[in-house]
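Data first, discussion second: the structure below is written as structure tokens.
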Amino acid sequence: VDTGRQKCRNYHAKTGVASYDIMWISRASADQRAGRAGRTGPGQCYRLYSGAVYDRQFAAYPPPEVLTRPLEDVCLAMKSMDVPDVSNFPFPTPPDQGDVRAAMRVLAA
């Protein structure tokens, strides 16, 4: 049974607060959940949402994790891996440069 919902950790950079919110999953996650049904034996996936909700509410893919967590964690992990300049690192989906600089200032304090 797929409700189409998940509890996600969301980080709000403006307030510096992380919260757990219940949100719609992505289409990729819904397809993966359906693929798990019947993996080891006969099975069915029952979705508790309509096709219209799937098409209109679900994003194609979930947002990259680097955009949904505190950047202090990311910068600290990268510094521990000897990345010399985190702000110039070629992220596949780069976070806001101002947020990276703010995270580095917090770590330096």
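Note that the structure is predicted; figures quoted are calculated from it, not measured.
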Using atom types as modelled, flag every donor-acceptor pair under 3.5 Å from a side chain in residues 89-109 to any protein atom, sequence neighbours excluded.
unit_1 : atom_1 : unit_2 : atom_2 : d
D96    : OD2    : G98    : N      : 3.3
D96    : OD2    : D99    : N      : 3.4
Q97    : NE2    : S87    : O      : 3.2

Show the atom names and distances, to 0.1 Å, of all donor-acceptor pairs under 3.5 Å that link a side chain in residues 63-83 to residues at least two apart or in another chain.
unit_1 : atom_1 : unit_2 : atom_2 : d
E65    : OE2    : R69    : NH1    : 3.0
T68    : OG1    : E65    : O      : 3.1
R69    : NH2    : D73    : OD2    : 3.2
K79    : NZ     : P84    : O      : 3.0
S80    : OG     : A77    : O      : 2.6

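For S26, the side chain to side chain donor-acceptor pair (under 3.5 Å) criterion is met by S29, not counting sequence neighbours. Under the side chain to side chain donor-acceptor pair (under 3.5 Å) criterion, D21 pairs with N10, S19, sequence neighbours left out. Remark: Y61 engages A28 in a side-chain contact (heavy atoms from CB on, under 4.5 Å) (not counting sequence neighbours). Residues satisfying the side-chain contact (heavy atoms from CB on, under 4.5 Å) test with I22, not counting sequence neighbours, are R5. Every side-chain contact (heavy atoms from CB on, under 4.5 Å) that Q32 has, sequence neighbours left out, goes to R36.
Clustering of Ile, Leu, Val, Met, Phe, Trp and Tyr by side-chain heavy atoms under 4.5 Å joins M23 with none of the others.
The ring pair (Phe, Tyr, Trp, His ring centres under 6.0 Å) contacts involving residues 3-39 comprise W24-F58, where partners must be two or more places apart or lie in separate chains. Under the salt bridge (Lys or Arg N to Asp or Glu O under 4.0 Å) criterion, the residue pairs touching residues 23-35 are D2-R33, D31-R47, with sequence neighbours excluded.
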